[in-house]
Every structure is written in structure tokens, then in C-alpha cells.
Student: 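Here you go, one structure.
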Amino acid sequence: MIMYDWLQTIILFAILIILTKPMGIFMMNVYRGECTFLSPILCPLESLIYRICGVDRQEAMGWKRYAWSMVLFNLVLFAALFVMLMVQHLLPFNPQKVPSFTWQLALNTAISFMTNTNWQTYSGEQAASYFTQTAGLAVHNFLSAATGMAVVVALIRGFVSRKTASIGNFWVDMTRSTLYILLPFSIIGAILLVPQGVIQNYSDYKTVPLLQSTSYDRPKVDHKGIPLKDTAGKPVTEHVPIQEVTIPMGPVASQEAIKELGTNGGGFFNANSSHPFENPTPLSNFLEILLILLIPASLTHTFGLMVGNTRQGWGVLTAMLLLLVLSLGSLQWAEKSGNPLVSRLAVSGSNMEGKEVRFGLAGSSLFTVATTGTSCGAVNTMHDSLTPLGGLVPLSLILTGEVVFGGVGSGLYTMLAFAIIAVFISGLMIGRIPEYLGKKIEVTEMWMSILVILTAGITVLIFSGIALVTPSAVASMSNPGTHGLTQVLYAFASMANNNGSAFAGLNANINFYNLLGSLAMLLGRYVPAIAVLAMAGSLAEKKYIPPSLGTLPTDRAPFVIWLVLVILIIGALTFFPALALGPGVEHLMMIG
Amino acid sequence: MSKQSQQPQSIFNAALLKGALRDSLKKLDPRTLWRNPVMFCVEIASGITLVTFVMSLTGANREPAWFTGTVSVWLWLTVTFSTFAEALAEGRGKARAASLRKSRTYVTAKRLDKAEFGQNYTTVGASQLRKGDLILVEANDMIAGDGDVVAGAALINESAVTGESAPVIRESGGDRSAVTGGTTVIANSIIVRITANPGETFLDRMISLIEGAKRRKTPNEVALEVLLIALTLVFLLVCANISPLSIYSVKQAGHGTPVSLTILVALFVCLAPTTIAALLPAIGIAGMDRLFQKNVIALSGRAIEAAGDVNVLLLDKTGTITHGNRQAVTFVAVGGHSERDVAEAALMASIADETPEGRSVVVLAKEQHGLVRETPQDAEVMEFSADTRLSGINLAGNQYRKGASDSIIAFVRKRGCTTVPGDLTEVVDRIARGGATPLVVCKGSEILGVINLKDIVKAGIQERFLQLRSMGIKTVMITGDNPLTAAAIAAEAQVDDFLAQAKPEEKLRLIREYQEQGYMVAMTGDGTNDAPALAQADVAVAMNTGTQPAREAANIIDLDSNPTKLLDIVEVGKQILMTRGNLTTFSISNDIAKYFAIIPAALLSIYPQLGVLNVMRLASPFSAILSAVIFNAIIIPMLVPLALKGTRFRPMPAEKLLIHNLLIYGVGGIIAPFVGIKIIDMVIGMVV
């Protein structure tokens with residue numbers, strides 16, 4: 001078993017690192033507009049898209065125009081999805097006749113998918129029609145991922161350009177990201193997932209008799225959905241017998257591939273990637289983790305290639321890997337140590353609550369770290385059921401800004417913002433006005449980098465504070481106490497950092513979380529993205545300074561380690577009290 | 001590295017401290033303190049604790065009054081320490097400025113209508129002089145304002161400005177025409193055209209620079225401040241967030257008290273990067289002051305920072321790389337004459353030659369051949385002239401001459417010599433190829449030999465260039481010499497590159513080329529023809545002896561007119577940046593220990609389990625919080641000497657330097673507060 005765990009982990013990273021290089025080269029060619037092996041098929045299609053949309057592919061955009069195009073495009077996408085969710089009952093492909101979303105839920109969901117968060121306060125199989133899933137949510141999965149990639153490519157161009165105002169063309173970057181990268185690779189992903197048992201159909205839901213009928217006690221709720229309590233304050237329950245079960249169907253495989261590849265994470269089903277139709281086997285689990293990490297990891301190589309020094313890309317990747325190994329190790333250790341309260345009941349072994357036995361500890365830990373280190377947010381494990389310190393790992397990965405390996409595009413640009421802060425401090429320490437990749441780091445770069453790395457953290461601090469003193473928000477916790485605190489912290493961390501995974505156990509489908517969460521997702525996505533573009537614009541206008549012996553090399557071990565430390569220190573200093581009062585105290589209570 | 005020419009004043013001298021203390025209290029005024037946003041926040045925080053203290057006294061606050069009172073006192077001290085550091089850094093400058101200002105009072109000028117001597121003048125106050133006015137300055141007059149000498153030449157005492165007592169010559173035309181207001185003419189009269197209005201003169205600018213009155217934050221300082229403000233904001237929110245966290249936790253745990261305002265404010269001040277924010281203004285001011293100690297005036301802080309960033313140094317050969325003058329190093333005989341004969345003739349030809357080259361021949365003749373001669377009374381001295389390009393003396397019918405090979409050959413031919421020694425050409429060529437200057441010596445019509453005049457490369461300059469190279473700085477030698485000579489000296493001095501037969505436009509082109517490639521270029525210059533290049537260079541150091549245009553084009557002025565100062569300026573520039581970076585790292589690393597001190601103390605009543613975080617085993621929650629606050633305050637005055645002197649600079653490659661500084665200020669910054677807070681806690685334990 002241990003051998004199997006190790007093998008799975010090692011093989012995964014070996015394949016990932018082997019793929020990084022060809023994938024990185026491929027993406028560089030895509031963004032440089034050069035020929036790729038897909039060009040013969042896709043070039044005519046690309047031209048056709050530009051002709052239909054009236055895009056002038058030669059237009060070189062300044063950062064303001066680029067940012068404005070991005071915002072406008074996202075706004076249109078948002079409006080389309082919002083309307084679609086509001087009139088879902090009028091639209092076709094709705095065999096289950098699911099009703100429309102409430103406006104609060106539609107708002108939250110539309111923002112969630114537009115911002116690549118995919119926070120879901122609805123349950124996919126119950127609330128979304130096939131039409132919504134395919135024409136709405138899936139489209140956003142592609143385009144929100146492409147937006148992140150476009151932004152990071154613009155930033156890389158900022159580093160590469162010398163004394164120009166242009167950082168590329170938003171429409172071309174969007175089209176190429178979707179057409180050449182996301183679309184073909186998610187098709188490959190879906191084709192690989194189907195043989196594993198991931199379903200792909202538009203059938204009605206199936207009702208099948210249970211082999212063994214069962215029953216359960218259901219808490220009674222009043223007409224407002226609030227649990228009823230008897231005079232003693234205990235919840236009132238009713239006895240429900242079950243003889244048959246409804247099995248939801250749907251076009252899952254196509255959704256699943258882009259959900260992982262685009263680090264979206266919005267599950268087709270409520271159970272997300274722990275559902276057997278989304279993620280049936282250990283191999284499909286392995287493939288899904290690989291899909292989550294593929295683009296974010298490879299983008300580092302694209303970055304290295306585009307700035308003309310592949311070691312820079314490998315340096316960034318190494319920093320990410322260090323954080324990943326640290327997180328994975330901690331999570332495995334915490335889960336393996338199990339829960340002493342359970343051990344005392346003579347149940348030995350790892351903490352398996354909330355995990356799928358078919359994935360085991362390794363498959364679950366890997367997925368958890370991958371999904372929270374990136375901004376994916378798909379889950380194959382219930383993070384709520386992790387041990388306190390185990391739960392601290394995904395929470396910390398999200399809180400440090402998701403830079404292991406990060407969301408498609410957003411991970412790399414956040415990492416580069418961290419690198420700029422690290423360069424700034426270390427540059428001063430060696431007595432030079434700091435420079436990164438030959439560009440001087442000055443006031444604009446500092447402001448923008450700080451906006452990139454701190455917006456989400458500041459949002460989490462403010463919003464979680466508000467939630468903890470708001471009665472309705474506190475009432476939504478399934479387990480109050482320290483664990484409830486963690487649930488709220490996790491919810492806002494997940495939304496503000498556009499992760500989308502949930503520390504299940506918090507009923508977030510109330511106005512408070514839907515509305516405040518929408519704001520958190522918007523702030524966490526667009527403030528950094530626009531700041532990155534502003535920084536790209538500022539960098540592009542600067543001249544290039546050739547490196548000398550006095551320049552701090554940013555592609556070698558000392559800087560990489562310093563970068564990792566900066567990320568850890570900024571994260572730790574910002575969330576020390578909250579983490580101490582949440583998972584910290586919970587752990588201390590658990591071990592007694 | 002060169003030693004400072006002047007012994008710097010001790011940082012802590014009584015008068016300075018007293019003045020700084022007074023100023024530090026004045027600087028607490030929020031209307032001036034807001035320029036330092038982090039410390040401004042600390043001041044507000046201190047104000048809040050003052051309120052909670054009063055509330056404790058009246059019983060409106062449940063905390064003991066001694067606790068809120070002590071916290072308040074130390075928070076106020078934190079702010080005061082920061083203003084004190086700034087005041088102390090400004091103190092030395094102020095003292096110097098005051099003495100400069102004294103030299104400016106009651107100056108009258110003799111205004112002329114035309115630039116001619118012997119006219120009538122009108123006496124006016126210095127403050128009435130305007131640009132373009134002509135003034136007459138006679139012996140013992142103080143020059144009333146900056147200007148250019150348009151007629152005459154005079155010996156001037158510039159000690160008021162430079163601190164150097166040896167007088168200098170200023171004359172019309174050429175590169176030594178600039179005079180500075182506040183200096184005194186010792187001998188002769190000159191007519192000066194005023195080039196600056198009152199209040200804009202060099203002295204005025206110097207005073208305001210030294211006083212720091214017009215000090216503007218440099219771009220790098222602003223960028224660092226952005227980081228500090230952001231961190232402060234984050235910590236403000238962290239502390240604000242603790243309030244709902246603790247309110248919620250108290251409700252859930254069913255016991256304990258939410259964290260009080262005093263503790264939240266104390267935590268905020270401890271976490272905010274107060275150490276670096278408090279010392280940031282002092283670092284910049286002290287850096288300028290350190291340069292000033294070396295008699296260098298930076299016209300902006302930006303220029304010094306840029307100096308730290310320079311990666312190409314354009315250095316004038318003469319005076320920087322070599323001693324100003326060529327010196328005789330050997331005598332070489334030709335045509336079968338003995339070396340002693342050559343030495344004797346060379347000595348005679350040079351005996352009346354007062355140029356440094358001439359004197360070096362006399363010295364060499366004495367050293368190598370024990371020859372000593374007085375200038376004979378009856379000698380006829382032939383000074384160097386552009387016509388003959390020879391010099392020497394006529395003595396007792398003998399004509400001793402030295403000069404360039406072709407001039408001497410022409411000279412002896414005229415006197416009937418038909419055969420030039422066959423080995424002369426070879427010797428002359430050999431010396432020239434070695435980068436030296438061959439001076440041929442003759443007695444009458446006979447060529448005796450050659451003096452090898454060599455540029456002597458300054459001792460130790462090679463090591464200095466090696467250090468520069470290891471820091472990634474490229475050195476380029478600029479010289480008017482021919483390429484052959486230049487190459488030889490460049491090789492000896494081990495500069496990276498050289499520009500021979502340099503004309504002003506070529507210097508300008510070279511600077512532009514380097515800048516195009518992204519280099520930061522520093523150069524020194526003194527002549528008017530250097531002005532365009534100085535204006536183009538990123539760091540331009542003008543010699544104080546230089547012309548007015550050169551001084552105006554430059555952003556740094558060296559009062560000693562010593563070109564090697566450029567290296568010191570680079571060093572100070574780097575020191576300023578390093579001190580900032582190191583203290584930032586130190587300040588942030590400190591926070592880890594402060595969390596471990598304050599968080600368990602603040603939350604112990606809610607969750608006793610958090611006692612495990614009290615790794616320092618601090619005695620009680622109150623003393624834990626106080627210890628952190630006190631540590632946070634006293635670390636500021638403890639680091640003042642470091643801020644004022646700057647981090648020691650060691651030339652080494654960037655990566656090694658980073659690791660070195662990270663170990664000291666990063667790792668040290670993590671450990672120091674654990675130790676410091678524990679010690680303070682024990683002291684409190686003994687007192688209470």
C-alpha cells in the first residue's frame with residue numbers, strides 16, 4: 001500500500017515534468033502566433049472567427065485597451081449566463097424540468113463561473129439543466145480559463161518588450177488559448193476519461209430499485225428551510241424509508257475534462273470528483289490530477305522560453321514544487337496520523353472519513369493538494385472531514401494565493417507578483433535598485449504586485465470577520481466552534497482566491513454568502529488581473545538592463561528558496577491569528 | 001577601499017543629541033508626521049491607548065491602569081524614537097549648514113557696469129544681485145554670489161565651502177573660471193559675472209540639501225514605502241479581524257473575554273514594520289551626510305541611489321587611474337653614450353623645469369646616479385614653447401635640451417649634426433609601444449639618450465577595479481592619449497575597456513551607447529566640454545574646481561576634486577539601498593516572535609490550549625504583551641547607529657551577498673526578538 005502510494009505520487013510528477021517542456025514549447029508557439037501541429041486544421045477556423053467578430057489581429061493593444069476588452073468581454077459572458085440561469089425553465093434540454101435559479105443564486109453562480117472560481121451553492125444534478133451545463137457553465141469553463149491565460153501572457157510580453165506600449169491583442173490571445181490549447185486538450189482528456197466509466201449522454205435520469213431498501217431520519221424543516229427544534233432545543237426528525245434511487249445522467253466527460261484542465265472545478269454533480277460518474281477509477285483520478293496541473297506547470301516553461309531564459313521558468317517551477325512537496329507531506333502526515341478520538345475507539349489507521357476508498361490516502365491527498373494549490377476547486381475528498389492540521393493544508397494553499405502551480409494563468413501571474421516582491425527586498429539587500437528579468441522594479445510594479453498578492457487576503461480578513469459576527473452566517477455552520485470558524489474562513493478564502501472548493505458543512509446558499517461571496521469573487525479576480533495588466537504595461541515601456549555580476553540571479557537556488565520563504569512568511573503573518581483560532585485550537589482540542 | 005579623509009564626528013555627541021531630542025518632539029506633530037504613513041498610524045495607535053488608559057483610570061475599562069498606561073507610554077516612545085532617529089540624522093547636517101549660513105551674512109558686492117577694471121562701482125547687498133550682474137572682487141573681499149570669472153585671475157580661499165584650507169586659482173577663460181559665493185579672494189582682483197539669483201546659489205542649494213529641507217523621497221524610497229504601507233494595512237486588518245474572531249470564539253467556547261482594544265492596538269504596532277519605517281528617513285539623510293563627510297555633495301538623493309546601481313564607470317585616466325603627471329622612470333643611452341651621461345644632460349635640461357615631469361627627472365637623476373645640481377645663476381632658461389616644442393637651458397655655451405624625438409632631431413640637424421644615432425628610433429619606438437612617452441635628450445648637436453616618461457598607475461588601483469568587476473561594474477578609461485599608449489595603460493591598470501583620443505562628442509556617444517544597452521553610466525568631469533556628457537550620464541560627478549556649466553550639468557559635486565571619489569559614491573549608494581533592504585527583512589522577520597508572544601497571551605482566556613504557543617514561556621499575558629511592545633520600541637534606538645553608518649559594504653557577487661545578509665538580518669531577525677522579548681519579560685518579572 002505504501003509502495004503504491006509512493007509510486008503513484010512519483011509517476012504523477014515524473015509525467016508532469018516530462019510534459020512541461022513539450023507543452024510549454026507548444027504554448028509558446030501558440031502565443032507567438034507561430035505554426036503548430038494543429039495549425040493546418042485550426043488556422044482557417046481562427047481566421048473565420050476573427051472575420052465574424054471583426055477582430056483586427058494585427059492590432060497591438062496598450063494595457064488599458066487590453067484590460068478594458070477583458071472586462072467588457074467578461075461582463076457580456078456574465079450577463080449571458082445570468083439570463084440563462086434565470087430563464088432555465090424555458091430553455092430546451094431539461095429532461096428533469098428543473099426550475100430557474102433565484103436571482104441571488106444566479107448572480108453568485110454566474111460570477112462564480114465567470115471568475116474561474118466555480119463556487120457552487122447549488123447542486124448540479126438538481127438545479128442545472130443539460131442546456132445550462134453545456135451551453136452555459138461549460139462555455140465559461142473555457143473562456144474564464146482563457147482569460148487567465150491571456151492575462152499572464154500579456155504580463156510575460158511586458159517583461160519581454162522593450163520601450164513599447166503594446167502588450168498584445170486580447171482577442172487573439174483569447175481565441176488562441178481556447179482554440180489551440182483548451183479545446184484540443186480537453187477533447188483528448190474527455191476521450192481518455194470515457195473508457196474509465198465517466199458518462200457522456202443526454203438521457204433522462206434513471207430510477208432504479210435498491211438492492212437493499214433502507215431508511216434514514218431526516219431533520220424536519222419549516223417552510224423557510226430552517227430546521228425545526230422541539231421544546232428541548234433538539235432538532236425534530238422524521239423517518240424516511242427508501243426503496244428506489246434516482247441516478248442522474250448527463251454529458252459529464254466533456255465537462256469533466258475542461259473542469260480540470262481549465263482549473264475551474266465546478267462539478268457536474270454535487271459530489272464533484274468523488275462521484276463515480278465524474279471520477280470512477282484510480283486511473284481516472286490520476287488523469288484528472290494530471291489535467292489540473294498540466295497547463296499551470298507548463299506555463300512556467302512557456303514563460304521561461306518567452307523571456308529567453310528557460311532557467312527562469314524552471315526556477316519558478318522549482319519554487320512551486322517545493323511548496324507542493326511541503327504541503328503534500330504535511331497533509332499525508334496529518335491524515336496518516338489519524339484522529340486520536342477515533343483511535344481510542346480501537347479503530348486504527350489513517351483518517352478515512354470523507355475519502356473515497358477507491359482513491360486511498362495517496363489519491364485523495366494528491367487531488368486535494370492539486371485542486372487547492374491551483375485555483376481548481378474540484379474535490380474528490382471532503383475537505384471538511386480532514387483532520388484539523390490536514391484541513392490546514394488546503395486552506396493554507398488557498399490563502400497563500402494559489403501558486404502551486406496555480407490556476408491557469410492566474411497562478412503564474414500571482415507567483416510572478418510574489419517574485420517581484422521577493423526581488424524587491426533581496427535587490428535592496430545587495431545594494432541595487434531591484435530588477436527582475438532585466439526590468440527595474442519601481443513604484444508602479446510595487447503597487448500592482450501588492451494588489452495582486454494581497455487583494456484576496458484583505459478580502460478574506462474583512463469578509464470572514466463580518467461573517468463571524470453576523471448571526472445568519474453563523475447559523476449556517478454545521479459544526480459551530482473552532483471548526484465552524486474554519487468553515488467560514490475556508491469559504492471566503494475559496495471565493496476570494498477563485499478556488500471554488502468548499503469545506504463542506506457550511507450552508508452557503510443564503511443571501512449573506514451568495515452576495516458577499518459574489519463580491520469576494522469579483523474582487524479576487526479582477527483587481528489582481530487588472531493590476532497585472534497595468535504592471536505589464538509599465539514593464540513593457542521600460543528598457544532592458546542586461547544582467548551583470550552585480551545582478552541577483554533569479555534562476556538559481558538561493559533566490560528560489562527566498563521566494564518560497566517570502567510566500568510562506570507573507571501568508572503566515574496575514575493569517576496566523578485566524579489559523580491559530582481555527583484549525584490550531586481544533587487540533588489542540590483533538591489531541592487533548 | 002580608501003579611508004575617509006576626514007574623521008567623522010561621533011554619532012552620539014552631547015550637543016547633537018540634545019538638539020535631536022528637541023527636534024524629535026517637534027516632529028511628533030501629526031501635520032508633519034503623516035509624511036511617514038506607518039509611523040503616523042503608530043501615533044494614532046498611541047493616541048488610542050492614551051484614551052484606553054484614561055478609561056482604565058476612570059474604571060470604564062476593565063484592564064488594569066498600570067498595563068494600559070505602560071503600553072501607552074511605550075507606544076509613544078516608539079513614535080518618538082523614530083522621529084529622534086530622523087532628527088539625529090539631520091542634526092549633523094544642520095550644524096554644518098549653520099556654519100555655512102554664517103558665511104553668507106552681511107556680504108556686499110561691488111557692482112560694475114562693464115567688465116573692465118578701473119571703473120567706478122556701486123556697493124550693493126548680495127541679495128540685490130541678479131543673474132548677469134558684473135561684480136568686482138578685490139583681495140580680502142568675499143565673493144557675493146556664484147559666478148564665472150570674466151576678467152583677471154585670483155587666488156581664492158574656498159574653505160568655507162570645501163573645508164580645504166589650501167587656496168585655489170580661478171581665472172577667466174578655460175576650465176577654472178567658476179567661483180562660489182561665500183568664498184574669499186586672497187590675492188589679486190577679478191571681475192565675476194553672477195550666474196545665480198539669490199536663494200538659488202550653490203551655497204543656498206547646499207544648505208537646503210544638508211538641512212534636508214527640500215529632501216524629496218527618492219523613487220526607491222517611495223517603492224519601499226508602498227510595501228510598508230501595504231504591510232501596515234494588512235496588519236491593521238489582521239488585528240481588526242482578531243476582534244470578531246475572538247468575539248465568535250468566546251461565544252462558542254462559553255468563557256473568556258474578547259481581545260481588548262489595548263491589546264489589539266499593541267499587537268498592531270508590534271506587527272507593523274515600525275523598525276524600518278522609523279529608520280527609513282534617517283537612512284537616506286545619513287547616507288547623504290556620509291558622502292558629505294567625504295566632501296561630496298549629492299544634489300539629490302536619487303543620484304546617490306543611482307550611483308549604487310551604476311554598472312559602467314567612465315574614468316578619466318589622468319588623476320583617477322594614473323597620478324596626474326607622467327614621471328621619469330629610466331634613462332636609456334643611445335649612440336654608445338653612458339647612462340650617466342644621459343642622466344647628467346637630462347638633469348641639466350630639466351633643472352629649471354618646474355613642471356612635475358621636469359621635477360621627476362631631477363629626482364630620478366638623484367636617485368639613480370646621485371646627481372644633485374642647483375640651478376646655475378648664469379644659465380639661460382629655455383622654457384617650453386609651442387614653436388620649438390623643446391625645453392632646457394643654455395649654460396657655458398652648452399645647449400641642453402629635451403623634447404619629442406622629431407623636435408630634437410630637427411634641433412641637432414640645425415646645429416650641424418649629420419648622423420642621428422642608429423639605435424634612437426628603436427629605443428623611442430620601444431618606449432612608446434610600452435605606453436610611455438620618450439623624451440630625447442641632447443647636449444648641443446649630440447643626441448645622448450632618451451628619458452622614459454611614464455604614466456604611473458596608482459598603487460592598489462588594480463585591486464579596486466577587480467572588486468568593482470566582482471560587483472558587476474565595468475570600468476572604462478577615458479584618455480586623450482593615442483590608442484597605443486592608452487592600450488598599454490589600460491592593460492596595466494586592468495580596466496575593462498578604454499576610449500583613446502577621446503573628444504567630448506565621443507564621450508557623449510559612448511555614454512549613449514552604453515545607456516542604449518541598458519547600462520547605468522557614471523562619469524566624472526570638470527571641463528565645460530564635459531558638460532554634455534555629464535548631463536547625459538546617469539551619475540555625473542563634477543569637480544568643484546570645474547567650470548560652472550560642468551557643475552550645473554552634474555548631479556554630484558566633489559568638493560575635493562578627487563576623481564577616485566566616484567568609487568566612494570558608488571559604495572555609499574549601495575550602502576543606502578542595502579541598509580533599507582536589510583532593515584526591512586529584519587523588521588518583517590521580527591513579527592514571527594511577536595505573534596508567539598502576543599497571540600497566546602491575548603487568547604489564553606478563551607482557549608487555554610493555546611498556551612503551547614507560548615514557546616518563550618513568558619511569565620504572564622500582561623508581561624508577554626508588554627515585552628513585545630518594549631522590544632518593538634527599543635529596537636529602534638538600538639539600530640540607529642546601523643541606520644546612520646549604513647550596513648558594512650563588502651564587494652562580492654550578488655548571490656553571496658544576499659545569502660550573507662539573509663543570514664544576518666533574516667535569520668537574525670527571527671531569533672533576536674525571541675531572545676530580546678524573553679529577556680525583557682524576565683526583567684519585568686524582577687521589577688514587578
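All chains are named by letter (A, B, ...) in the order of the sequence lines, taking the proteins before the strands, and each is independently numbered beginning at 1.
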Student: Under the ring-ring contact (aromatic ring centres under 6.0 Å, His included) rule, what do A/F576 and B/Y595 come out as? Steps first, then yes or no, please.
Tutor: CA-CA 8 Å; A/F576 187 96; B/Y595 263 133; 4.6 Å; yes
Student: Among B/A223, B/P600, B/S243, B/P219, single out the residue with the greatest number of heavy-atom pairs under 4.5 Å to chain A.
Tutor: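 Greatest number of close heavy-atom pairs with chain A: B/A223.
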Student: Answer with side chain, backbone, both or neither: which region of A/K440 has an atom nearer than 4.5 Å to a non-hydrogen atom of chain B?
Tutor: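 Contact with chain B is through the side chain of A/K440 alone.
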Student: Just by modelled atom types, is the B/V226 backbone N or O under 3.5 Å from a matching donor or acceptor in the A/W447 side chain?
Tutor: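 No.
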Student: Tell me, side chain or backbone of A/Y544 under 4.5 Å from chain B's heavy atoms, or both, or neither?
Tutor: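 Contact with chain B involves the backbone of A/Y544 alone.
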Student: Backbone N or O of A/L489 within a donor-acceptor pair of the A/S464 side chain at under 3.5 Å?
Tutor: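 Absent.
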Student: Side chain from CB out, backbone as N, CA, C, O: work out which of these in B/A230 comes under 4.5 Å of a heavy atom of chain A, or both, or neither.
Tutor: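 Backbone plus side chain of B/A230, per the 4.5 Å heavy-atom cut-off to chain A.
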Student: Go through the atoms of B/I588 and report whether side chain, backbone, both or neither lie under 4.5 Å from a heavy atom of chain A.
Tutor: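 Both parts, heavy atoms under 4.5 Å.
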Student: Determine, step by step, whether B/T232 and B/F268 satisfy the side-chain contact (heavy atoms from CB on, under 4.5 Å) criterion, reporting the C-alpha distance in whole Å, the side-chain angles of both residues, the deciding distance to 0.1 Å, and the verdict.
Tutor: CA-CA 8 Å; B/T232 307; B/F268 163 68; 3.7 Å; yes
Student: Kindly say whether B/K474 contributes a backbone atom to a donor-acceptor pair with the side chain of B/D496 at under 3.5 angstrom?
Tutor: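 No, B/D496 side chain to B/K474 backbone: no donor-acceptor pair under 3.5 Å.
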Student: Please state whether the side chain, the backbone, both or neither of B/L603 comes within less than 4.5 Å of a heavy atom of chain A.
Tutor: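 For B/L603, side-chain heavy atoms alone lie under 4.5 Å from chain A.
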Student: Whether the A/T482 and B/Q252 side chains hold a donor-acceptor pair (N or O, under 3.5 Å, no angle test) is what I'd like checked.
Tutor: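 Looking only at side-chain atoms, B/Q252 and A/T482 do not form any donor-acceptor pair under 3.5 Å.
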Student: Sort A/L461 into side chain, backbone, both or neither according to what part of it lies under 4.5 angstrom from a heavy atom of chain B.
Tutor: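 Answer is both: backbone and side chain atoms of A/L461 are under 4.5 Å from chain B.
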Student: Relative to chain A, which segment of B/L227 carries a heavy atom at a distance below 4.5 Å: side chain, backbone, both, or neither?
Tutor: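 Both backbone and side chain of B/L227 come within 4.5 Å of chain A.
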Student: Do you know which of B/L662, B/N220, B/V222 has the most heavy-atom pairs under 4.5 Å to chain A?
Tutor: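 Greatest number of close heavy-atom pairs with chain A: B/L662.
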Student: Is B/N661 close to chain A through its backbone or its side chain, or both, or neither, when contacts mean heavy atoms under 4.5 Å?
Tutor: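 It is both, since atoms from each part get that close.
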Student: Taking side chain as everything from C-beta outward and backbone as N, CA, C, O, which of these in B/I606 sits under 4.5 Å from a heavy atom of chain A? Side chain, backbone, both or neither.
Tutor: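 For B/I606, no heavy atom lies under 4.5 Å from chain A.
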Student: Highest number of heavy-atom pairs under 4.5 Å with chain B: which of A/V585, A/L573, A/I458?
Tutor: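 Among the listed options, the one with the most contacts to chain B is A/L573.
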Student: If you measure only the distance, is there a donor-acceptor pair under 3.5 Å linking the side chains of B/E305 and B/T218?
Tutor: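 Result is yes, a qualifying pair exists.
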Student: Heavy-atom distance under 4.5 Å to chain B: side chain of A/I425, backbone, both or neither?
Tutor: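 For A/I425, the contact with chain B is made by backbone and side chain together.
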Student: Could you tell me the separation between the CD atom of A/E586 and the CG atom of A/N479, rounded to the nearest 0.5 Å?
Tutor: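 A/E586 CD to A/N479 CG: 8.0 Å, rounded to 0.5 Å.
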Student: Counting only non-hydrogen atoms closer than 4.5 Å, does B/L245 touch chain A with its backbone (N, CA, C, O), its side chain (CB onward), both, or neither?
Tutor: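 The answer is both parts of B/L245.
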Student: Go through the steps to decide whether B/D568 and B/R464 satisfy the test salt bridge (charged side-chain N to carboxylate O under 4.0 Å, His left out), and finish with yes or no.
Tutor: CA-CA 11 Å; B/D568 293 324; B/R464 202 141 184 189; 3.5 Å; yes
Student: Any idea which of B/Q609, B/M578, B/Q515, B/K251 has the most non-hydrogen atom pairs under 4.5 angstrom with chain A?
Tutor: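 Option with the greatest count: B/M578.
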Student: Go through A/L451, A/T551, A/I433 and name the one with the most non-hydrogen pairs under 4.5 angstrom from chain B.
Tutor: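 Top option by heavy-atom pairs under 4.5 Å: A/I433.
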Student: Tell me, side chain or backbone of B/I242 under 4.5 Å from chain A's heavy atoms, or both, or neither?
Tutor: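 Interface part for B/I242: side chain.
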Student: Identify which part of A/V474 has an atom lying under 4.5 Å from any heavy atom of chain B, answering side chain, backbone, both or neither.
Tutor: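 Contact with chain B: side chain only.
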Student: Which atoms of B/L610 come close to chain A, meaning under 4.5 Å heavy atom to heavy atom: side chain ones, backbone ones, both, or neither?
Tutor: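 Answer is both: backbone and side chain atoms of B/L610 are under 4.5 Å from chain A.
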Student: Answer with side chain, backbone, both or neither: which region of B/I576 has an atom nearer than 4.5 Å to a non-hydrogen atom of chain A?
Tutor: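 For B/I576, there is no contact with chain A at all, as no heavy atom is under 4.5 Å.
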Student: Less than 4.5 Å to any heavy atom of chain B: does that hold for the side chain of A/L485, its backbone, both, or neither?
Tutor: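 For A/L485, the contact with chain B is made by backbone and side chain together.
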Student: Could you tell me which portion of B/E516 (side chain, backbone, both or neither) has an atom closer than 4.5 angstrom to a non-hydrogen atom of chain A?
Tutor: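 B/E516 touches chain A through side-chain heavy atoms alone.
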Student: Considering residues, nucleotides and ligands other than B/R302, do more than 12 of their heavy atoms fall under 6.0 Å from its CZ?
Tutor: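 12 or below, so no.
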Student: Using non-hydrogen atoms only, which part of A/I421 is less than 4.5 Å away from chain B: side chain, backbone, both, or neither?
Tutor: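 Just its side chain gets close to chain B.
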